[in-house]
Amino acid sequence: MELLVRLLVLALALALGPAVTLAGPAKSPYQLVLQHSRLRGRQHGPNVCAVQKLIGTNKKYFTNCKQWYQRKICGKSTVISYECCPGYEKVPGEKGCPAALPLSNLYETLGVVGSTTTQLYTDRTEKLRPEMEGPGSFTIFAPSNEAWASLPAEVLDSLVSNVNIELLNALRYHMVDRRVLTDELKHGMSLTSMYQNSNIQIHHYPNGIVTVNCARLLKADHHATNGVVHLIDKVISTITNNIQQIIEIEDTFETLRAAVAASGLNTVLESDGQFTLLAPTNEAFEKIPAETLNRILGDPEALRDLLNNHILKSAMCAEAIVAGMSMETLEGTTLEVGCSGDMLTINGKAIISNKDILATNGVIHFIDELLIPDSAKTLFELAAESDVSTAIDLFRQAGLGTHLSGNERLTLLAPLNSVFKDGTPRIDAQTKNLLLNHIVKDQVASKYLYHGQTLETLGGKKLRVFVYRNSLCIENSCIAAHDKRGRYGTLFTMDRMLTPPMGTVMDILKGDSHFSMLVAAIQSAGLTETLNREGVYTVFAPTNEAFQAMPPGELNKLLGNAKELANILKYHVGDEILVSGGIGALVRLKSLQGDKLEVSSKNNVVNVNKEPVAEADIMATNGVVHAITSILQPPANRPQERGDELADSALEIFKQASAFSRASQRSVRLAPVYQRLLERMKH
């Protein structure tokens with residue numbers, strides 16, 4: 001019978017699906033953190049929790065795995081202490097916290113959890129204590145004693161001077177007329193308080209922190225006979241205005257008000273939802289150059305992108321930030337929200353001057369610096385934040401600045417500063433034309449580029465795109481960083497100056513006297529037409545020095561045998577375009593001769609068949625030329641490799657012979673094997 005019951009329970013769990021298991025519903029983030037704290041504290045006895053305390057403060061946190069090993073909260077060091085987990089207490093003479101706290105009514109439970117000040121103020125009202133001690137089911141978010149003590153004197157005075165109205169209403173706002181445990185506290189939900197049915201905002205974050213109107217739960221789920229008590233770190237107050245209404249009444253948001261009105265985003269900021277507005281103050285707008293600010297304010301799309309970049313998709317209270325976390329904005333960008341001590345940071349900067357201004361649809365943090373997204377910037381402004389300032393100066397000196405600050409749809413191929421470590425080119429007509437060929441006529445994105453695509457430049461050239469396993473190159477220059485997409489232009493950071501092709505492979509070779517002997521050899525071998533026609537070739541071009549290094553007799557023999565010469569030269573030509581930036585550790589490139597070339601790159605030196613390339617990436621319309629100072633020999637022509645092949649064959653035959661010997665133990669079976677060995681050695 002017991003087995004049948006177990007099988008029925010298992011069948012029911014499977015029928016209900018993965019959301020319900022025999023272990024019960026999934027734990028909330030708060031419960032998972034509490035569970036981790038229990039695990040860390042179990043060596044000290046039952047129901048002991050490890051707690052991280054910020055050094056020099058009274059702030060304590062239940063610890064998650066990451067914080068446990070880092071021992072830091074908001075970059076500040078912590079110490080570990082061990083306390084009774086919520087709902088338990090010590091017993092003299094026994095280890096840990098073996099006893100559950102005795103259940104009592106809400107009023108008495110306030111004293112147990114460390115909210116005696118709330119008890120005191122409850123006593124001062126005429127109506128509230130009888131409710132807390134009587135029948136019913138309530139939840140109270142009880143401010144700690146420190147929370148009451150930190151209230152401004154004028155606020156506290158106004159409460160205690162009118163205890164049966166102001167103080168009573170304030171306390172009732174901390175109460176809900178039903179029992180609500182942490183597993184019910186969902187992120188973004190609202191609870192109806194016992195003061196005029198005003199809403200209380202709940203946020204339950206993935207790191208286990210739970211906030212109530214941005215006050216952090218310190219000790220949760222303390223059961224009482226008539227409800228539950230959650231200890232919080234602030235006295236909370238009612239929320240009446242939405243985000244837009246707060247902007248309207250704050251003097252420090254005068255410029256922001258005008259910008260929101262011009263962009264039409266006021267409808268978003270007054271709509272239902274849970275947003276975080278990183279609200280730039282007037283001072284933040286004043287820090288921006290007038291020309292930039294006027295341009296953005298006069299461009300509706302850029303203005304909308306700017307403002308959307310200040311709105312996070314979910315409400316984020318300051319107390320929930322204990323380490324850096326990435327948060328997405330309405331504009332689609334990601335901001336790194338973190339903390340340093342008591343200060344909140346955005347992208348590592350402590351620019352938040354006032355935090356946790358609550359609205360009915362989210363929370364506002366004042367910031368004193370604008371967060372301008374790439375999508376609202378010109379190419380000049382994008383480049384100012386990248387490692388391409390030298391290239392930008394060249395464009396400006398060449399009189400091309402208007403292209404980088406206007407409203408043309410362009411893509412700028414800007415070389416890194418390190419490209420110019422040996423100096424910058426002199427600005428003349430040739431350099432200006434070269435720079436024009438670093439500006440593509442359309443605004444493109446690197447993720448949509450494909451192999452063989454051509455891009456037209458302002459200089460009139462068509463640049464080819466090469467897609468390799470680990471790199472994306474445009475002609476000889478490869479993209480070195482993620483592209484930045486601005487309002488009209490996109491910035492590609494490139495690893496070198498780009499050299500557009502100036503003719504076919506044969507044109508390149510004929511135009512350089514270092515290749516005169518190679519040109520003669522190509523003509524003798526009948527390969528001129530091949531290297532002149534359309535195609536995709538990688539040519540490892542031996543210089544005159546390479547030919548002159550050959551013994552005269554061997555050289556004359558090679559040049560006198562057109563067939564052998566053609567075979568050797570074809571071995572120097574790969575059947576696809578391989579620029580140096582696309583090589584990686586090792587690439588095996590098939591040659592026109594049929595055998596493969598081994599091309600590698602290390603410490604910015606390209607090697608082919610372990611021979612160094614003297615000059616790489618001479619671009620041609622039908623390929624690329626790499627100059628080498630030696631003649632490459634196909635595998636069949638390499639004496640060492642022939643010897644290696646013979647040795648390998650002999651070794652393999654001997655292995656087979658040994659296998660036969662072990663299997664049969666009779667030497668007569670080896671005769672055919674040795675016979676094959678002798679035949680191979682004859683050849």
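All values reported here derive from a predicted model rather than from experimental measurement.
- Residue-environment remark: CE (M325) exceeds the threshold of 12 foreign heavy atoms within 6.0 Å.
- Annotation: salt bridge (charged side-chain N to carboxylate O under 4.0 Å, His left out) contacts of K349 (sequence neighbours excluded): E369.
- Side-chain N/O atoms of N145 and T117 include a donor and acceptor closer than 3.5 Å.
- If you check the side chains of T63 and Q52, you find a donor sitting under 3.5 Å from an acceptor.
- Checked against a 6.0 Å centroid threshold, the rings of F141 and H230 count as neighbours.
- Salt-bridge annotation for R485 and D374: absent, with no side-chain N of the basic residue lying under 4.0 Å from a carboxylate O of the acidic one.
- Heavy atoms of other residues, nucleotides or ligands lying less than 6.0 angstrom from CG of L151 number more than 12.
- Defined by atom type and a distance below 3.5 Å, a donor-acceptor pair is present between the side-chain atoms of T182 and D221.
- Under the rule for a side-chain contact (heavy atoms from CB on, under 4.5 Å), the partners of T125 that lie at least two apart in sequence or sit in another chain are L128, N164, L167, L168, L171.
- In this structure, the side-chain contact (heavy atoms from CB on, under 4.5 Å) partners of E301, at least two apart in sequence or on a different chain, are D299, D305, R487.
- The side-chain hydrogen bond (donor to acceptor under 3.5 Å, both in side chains) contacts involving residues 31-51 comprise S28-Q31, H36-R40, R38-N47, R40-Y69, where partners must be two or more places apart or lie in separate chains.
- For residues 352-367, no pair satisfies side-chain hydrogen bond (donor to acceptor under 3.5 Å, both in side chains), with sequence neighbours left out.
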Under the salt bridge (charged side-chain N to carboxylate O under 4.0 Å, His left out) rule, what do E83 and K53 come out as? Steps first, then yes or no, please. CA-CA 11 Å; E83 303 177 356; K53 180 182 177 182; over 6 Å; no
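- I55 is linked by a side-chain contact (heavy atoms from CB on, under 4.5 Å) to S77, V79, counting only residues two or more places apart in sequence or in another chain.
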